[in-house]
Every structure is written in structure tokens, then in C-alpha cells.
Amino acid sequence: MDISYILFIPFIPLAVFLLLGIFNQQIKPAVSGYIGVLGLSVSAALSYYTAYQYFFVVGKVDGVYQTFVEKTVWMNFTDTLHIDMGILIDPISVMMLIVVTTVSLMVHIYSRGYMKGDDGYTKFFAFLSLFSFSMLGLVLATNLFQIYIFWELVGVSSYLLIGYYYTKTSAVAAAKKAFIVTRFADFGFLIGILIVGYYAGTFDFQTLNAVNPEGEGLLLNWASSSFMGLSVITWALLLIFMGGAGKSAMFPLHIWLPDAMEGPTPVSALIHAATMVVAGVYLVARLFPMYYFVEGGFALNIVAYVGAFSSLFAAIIALTQTDIKRVLAFSTMSQIGYMMLALGVSSYKGEEGVGYMASMFHLFTHAMFKALLFLGAGSVIHAVHSNYLKDMGGLRKYMPITNITFLIAALAIAGVPPFAGFWSKDEILVAAFEKNQLIYFMALFVAGLTAFYMFRLYFGIFWGKDTQYKHTPHESPISMTFPLLFLAFMSIVAGFIPFSEFVTADRVAFEGHLNYPMAAVAVGTGLVGIILAWIFYKKENDLAERFSNAFGMLYKWAFHKFYFDEIYMFVTKKIVFNLISTPIAKFDKKYVDGTMEGIGNKTVIISEKIKGLQSGRLQDYAMFFVSGVVIVALVFIYLWTN
């Protein structure tokens, strides 16, 4: 398969970024929007062509999907250890190309309407294109160091987009918070990469994942070295997962995600729904054979439990939030936890690897309906100029397209058949049930909570009280409603893709089937959540307030996100700054700086005293010379006579 043309997929957005960035002042805003959309349209078309060629023409050989790599050596360390730059094509990279370009294209189209009239319109499209380039480079990476380079570029892009409204103090703080928290996580990621490179002698994904179904191969040659009871490679995998957990906002590195909603809403749809936050899931999936085979999958079990807890933790917080974008932010964290736990409970071979398939399936379907939810929220905010539920209600009468598309997305995420979320979520629950009952019941409970908080959101925006608006709301323009309609269509049909025929852990297709009893339980749980939301929020009443008062302290803690922001600030300011950094700074200033300054000051004093020796006057030098000669002569005479 000729894959050289695939380089154009990431490089077209890069070219758009450079064009709009360099000629920011010269290009008219309307033109910059069309340039951004055109660039992503070409990348999306190439991505769909690649998917067709790979999945239906040349990708499968003897029933197994192949890996195609084109790369060049960038930096050499040893004969085997080097950093390459190139592109890797396999089922999950092709799937991610479709996700990233599809959602990014819809966001570009949507932004033409949403950002109209903004002073930084051209700059915004430049930043969107930079992010698209970074994310596409990440999913095409051939090795750990290449993915790390684009990983950091994604971080820079998200920093620019979250802090886009740089005149708002809260936006600047949110951008710094996201950047700093993910830097700590990425530090762990980097250490993990270096450990792998030292012990394995390679960063290459193909070599690292080169194991047969019995777990034999390269892994056994270097997984035996141990540290604190675990192999060093297990530690490396846990550190790499730390990087993924930071980027995917998993507990306890989740605190940046809700604040990141300070960016424009299209940014939330692109970064915090469909692309950047699933980079952690993609990273674990990319190294899945390592996670599964090294030390009996110890690191993979950690992934499963972190994902399950994060999913439940975020769903509980989402129940209480009143900012609609923050509800969706915690919903995103919860659904990514679903993807992580699915990977964590998966096996490797055949149908036993249903968890891996389900995770990638849910990544795909979630990208569509969560992007739709964020863009729908943006449409609502565009109409009422507020993010808060208290300022909304009865909007179905004013915004029929936004209403129906938001409802479709809510039904999809709630797991109602035949919408996309039902099919992928059902496969996750099946995988969890077969491997770990505790995780299964946690995931099932989260499914009910998800249905409840999503329809709390839906009824609060479009039904509930008949709010009297100062300015009558109206439906968004076609540039904003077209992406809503397209993503709504995808949220309906994406679930019917036979995903197990395309994306599996061992790359051998298997026939997926619906587990009717478990599907019935899951759907029933979701319907209970929807019915409760109907009772509480469909019409204006005081039931919700009474129940929140009844839960008292628990509700207060959940509303304040269990005070994790305050805990982090306390640890940072009171402990790290006051008890560690301040004493170190004082020691540095008093003793280290003091010693250096003392040496300098003494040098100056001595120089002042002896500088007369270098006066530049000839008579002084003659006097010193004659005096020296006389002294030497006297000493010589004294020694001679004695």
C-alpha cells in the first residue's frame, strides 16, 4: 500500500496554520474561515480514502489487518535505539484519522458562524489548524518519542485555544492550569519512555508490540528486571499511563478539564470531547500488547480501576453542576473512564478481546455525540448569552433544530437503542461483566447516572420553566446547524458499523453479537435515569431542591467537586510553597547567593586597596622599580656578607 500521500493529511492543516498565522493581518476574516474549512475538507477526504483503501482493498491479508510504515531515522543513539519520524497505518490509526478530521471539519464549519465578528477570527482558525496538525501527527506516530513530540504540541495548542480570550483572567488561569497539570503528567510519560528505551533498546511501536499470542518474544528479554516488586517495564507502563491519565483527565489529574471550558465552545467540542482527551485512551490502545502481556497485565488492571473510579466520580459531580459546559466536561471525563475500563478488562485474542474493540468503538461513537452535545450547548449559549441552567428553559419553541439534535445526542449517550451509544456501551458492559463484576456494577450504575444528568440538562434547557428572555432567542445560522444535523446523523448510524470486523486487539475480525439480557438490563437502567429526570425537571417544581437538601453534605461536596481544587491549592501553597519552596529560596538567597556575593564583594574591596599599583603614571612605576632593585640589592648584600 502506497502511504506516502498520507503525509498530506497532517501537513495541510500545518500549511493553513502557517498561512493564517503569518498573514493574520492581511487575510480578511471571512476568507480565513473558508481557508480553514477547505484545508480540513481535503484532509478529511484523504482520511476517508485511506480508510476505504485500508479496510476494504489492501489492509487485510489472510484475515489479519496489516501494519504499513513509512519512516526515516531522525536521531541515532545506538544501532537499535533511534528516533524515527514517519507514519504508521493500522486499524486504530485509520479510525482516529476519521474521528479527528470529521470532528475538526465540523468544528471549523461551525466556528464560521459562532466566532463571526470576533476580533481574533483569523487567529482562531490558525490555532484550530495547529491543533488539528498536532493531533493528526500524534495518531500517525511510529514510535514513543514521535508521539511524545506531538503530544506536547497538542498541549501547546490546547493552551492557546483554552486561553483564547486572553483578556479574561479566568481564561488565562484555566489555560495555565491545564498546561501545568498536564506537564506533571507528561513528566511521568517522559520518564516511562526513557525507561523503555534503556531496557528495550527501542522506541518503535512495532518492535515493542511484537509478541505472539503466548506472550513470547521481545518482551520476555527485558521484562524480568525488577524494582520494588514490579518489573521496571511495568513501572514504565504505569508512568506512560500517568501521561495518558493527565491528557485524558483521569482521577486525580482531572482538575484542569472543567476549567478548560473557559475557551470558546467550538474548542470544547474539538479538544475536550473528541480528540485531545481521548489521546490517553489511544496511547494505552497503541501499547496494548505490552500492557496485556507484561507481568500478567498488572498495569492494565490499574488502568481498569482508575477508569472505573474516574467514570463514577465524574458522573456524581455532573449531577450537581449548573454550568451546562461543565456538566458536559464531567460527562466527558466519565465516558473516557468507560473507555479506559474497557481496555483494562480486555483480553488479547479473538472475542476475548471484546473490551479493546468496545473501547475503540465507544471512542468513535462518543466523538460524534459528545461533539454534538458541545456544539448544541454552544448554539444555546449563542442564543441566550449564558452558560447557566437558571437562565434557560422552554427553548424548544425557539430553537427546533438545536432541540432535536441535542435530544438525539442525549439519547445516544444514555444508551437508548438504536442510537450509537447503545451499541458501544453494551459491548463495554459485556466485557466488564465477563472479567470483573465489581467494575461491571460500577459501570452499570454510571450508565443510570449518565442518563439522569443528561436529561436533567436536556429538560432544563429545552423544557422546564418558561423563561421570559430579554431578547427573544432564535435558531442558529446554517453554518452552525449543518454540523449539528450531520453529527446527529452520525449519532444515529455510527452504532450500526460492524466494528469488530475492523478494529480488534489481535487484528483478526470476529463476529460481534448483542447480548440481549445484558442489553435489557443496561437499557432499563438508562430508562430509569431518564424517567427520574422527566419527573424532576420536565416541568418546573421543587423536587430537585428538596432532594438536594435531603442529601445535604454529599450534595454540597459533589457541587464543589469534592474540593479537589482546594486540596491542590492547599498542598501547593501551604505545603509546597510555604514549607518547601520558601525555606529553599531563603537558603539559596542567604547562603548560596550570599557566598557568591561575598566572594565578589571581597574581590572588589581588595581591588580597591591594590588598584594604586596599576595607576598608569610612569614616575610611580619608576619608583617601584628602583625601590625593588634597592630592596633586592640589600637582601643580596646581606646574604653575601653573612
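Just so it is clear, the model here is predicted, and its values are computed rather than measured.
Checked by atom type, the side-chain pair T320/Y453 shows no donor-acceptor distance below 3.5 Å. A donor atom on one side chain and an acceptor atom on the other are found under 3.5 Å apart for S311 and S334.
Using a 4.5 Å cut-off on side-chain heavy atoms (C-beta onward), V380 and M392 make contact. With a 4.5 Å cut-off on side-chain heavy atoms, I336 and V281 count as touching. Using a 4.5 Å heavy-atom cutoff, the side chains of V154 and F131 are in contact. Under the 4.5 Å side-chain criterion, counting only non-hydrogen atoms from C-beta, M340 is not in contact with S310. A heavy-atom distance below 4.5 Å is not found between the side chains of S129 and L14. Looking only at side-chain heavy atoms (C-beta outward), I324 and I461 come within less than 4.5 Å of each other. Under the 4.5 Å side-chain criterion, counting only non-hydrogen atoms from C-beta, M95 is in contact with L363. Between L270 and S104, the closest side-chain pair of non-hydrogen atoms falls below 4.5 Å.
Aromatic pair F459/Y537: centroids not less than 6.0 angstrom apart. The distance between the ring centers of F17 and F133 does not fall below 6.0 angstrom. Taking the six-membered ring for Trp and the full ring otherwise, F445 and F441 have centroids separated by 6.0 Å or more. Under the 6.0 Å cut-off for aromatic ring centres, W534 and F455 do not qualify, their centroids lying 6.0 Å or more apart.
A279 and L138 get closest at one heavy-atom pair: CB-CD1, 4.3 Å. Contact detail for P483 and I109: the closest heavy-atom pair is CG-CG2, 3.9 Å. Counting all heavy atoms, side chain and backbone alike, W256 lies closest to A178 at CB-CA, 3.5 Å. Heavy atoms only, all atoms of each residue included: P266 and V107 are closest at O-CG1, 3.5 Å. Contact detail for L328 and L373: the closest heavy-atom pair is CD1-O, 3.6 Å. Pairing each heavy atom of I271 with each of S158, the nearest pair is CD1-CA, 3.8 Å.
At most 12 heavy atoms of other shown residues, nucleotides or ligands fall within 6.0 angstrom of atom NZ in K116. Around the CZ atom of F68, the shell of radius 6.0 Å holds more than 12 heavy atoms that belong to other residues, nucleotides or ligands. More than 12 heavy atoms of other residues, nucleotides or ligands lie within 6.0 Å of NZ in K538, so this atom counts as buried by the packing criterion. Taking a 6.0 Å sphere around CZ of F8, one finds it holds 12 or fewer heavy atoms contributed by other residues, nucleotides or ligands. Residue-environment remark: CD (E511) stays at or below the threshold of 12 foreign heavy atoms within 6.0 Å. A 6.0 Å sphere centred on CD of E352 holds no more than 12 heavy atoms belonging to other residues, nucleotides or ligands.
A cation-pi arrangement is present between K425 and Y338 under the rule of less than 6.0 angstrom and at most 45 degrees off the ring axis.
For R507, the side-chain contact (heavy atoms from CB on, under 4.5 Å) test picks out V64, Y65, T67, D90, P91, R286, with sequence neighbours left out. With sequence neighbours left out, the salt bridge (charged side-chain N to carboxylate O under 4.0 Å, His left out) criterion links K247 to D186. Here S43 pairs with nothing under the side-chain hydrogen bond (donor to acceptor under 3.5 Å, both in side chains) rule; sequence neighbours left out. Among residues two or more places apart in sequence or in another chain, the ring-ring contact (aromatic ring centres under 6.0 Å, His included) test is passed with Y5 by Y49. The ring-ring contact (aromatic ring centres under 6.0 Å, His included) test applied to F124 returns Y164, not counting sequence neighbours. Applying the side-chain hydrogen bond (donor to acceptor under 3.5 Å, both in side chains) test to Y398 and every residue at least two apart in sequence or in another chain returns nothing. For N403, the side-chain contact (heavy atoms from CB on, under 4.5 Å) partners are R396, Y458, F462, not counting sequence neighbours. For F374, the ring-ring contact (aromatic ring centres under 6.0 Å, His included) test picks out no residue, with sequence neighbours left out. For F251, the ring-ring contact (aromatic ring centres under 6.0 Å, His included) test picks out H254, F309, F313, F564, with sequence neighbours left out.
Within the structure, side-chain hydrogen bond (donor to acceptor under 3.5 Å, both in side chains) contacts touching residues 488-501 (residues at least two apart or in different chains) do not occur. Counting only residues at least two apart or on different chains, the ring-ring contact (aromatic ring centres under 6.0 Å, His included) pairs with a member in residues 409-431 are W423-F496. For residues 260-273, every residue pair satisfying the salt bridge (charged side-chain N to carboxylate O under 4.0 Å, His left out) rule, not counting sequence neighbours, is listed here: K168-E262.
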### Task
Applying ring pair (Phe, Tyr, Trp, His ring centres under 6.0 Å), run through F433 and Y440 and close with a yes or a no.
CA-CA 5 Å; F433 184 80; Y440 166 74; 5.0 Å; yes

### Message
As a quick check of understanding, evaluate ring pair (Phe, Tyr, Trp, His ring centres under 6.0 Å) for F502 and F56, giving each step before the final call.
### Response
CA-CA 10 Å; F502 302 114; F56 299 106; 5.6 Å; yes

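With E351 as reference, H513 is the one residue of E434, H513, M357 to meet the side-chain contact (heavy atoms from CB on, under 4.5 Å) rule. E70 pairs in a side-chain contact (heavy atoms from CB on, under 4.5 Å) with only one of the listed residues (L140, I87, L88), which is I87.
No side-chain donor-acceptor contact under 3.5 Å links S111 to the backbone of M115. In this structure, the side chain of Y282 engages the main chain of V139 through a donor-acceptor pair within 3.5 Å. Listed for the T102 side chain is no donor-acceptor partner under 3.5 Å among the backbone atoms of V99. Remark: the backbone N or O of I401 is paired with a side-chain donor or acceptor of E475 at under 3.5 angstrom. Under the 3.5 Å distance criterion, the side-chain polar atoms of S248 are left unmatched by any main-chain donor or acceptor of A245. In terms of modelled atom types and a separation under 3.5 Å, the side chain of S132 and the main chain of L128 share a donor-acceptor contact.
Classified by interplanar angle (parallel below 30°, tilted 30° to 60°, perpendicular above 60°), the ring pair Y110/Y114 is parallel.
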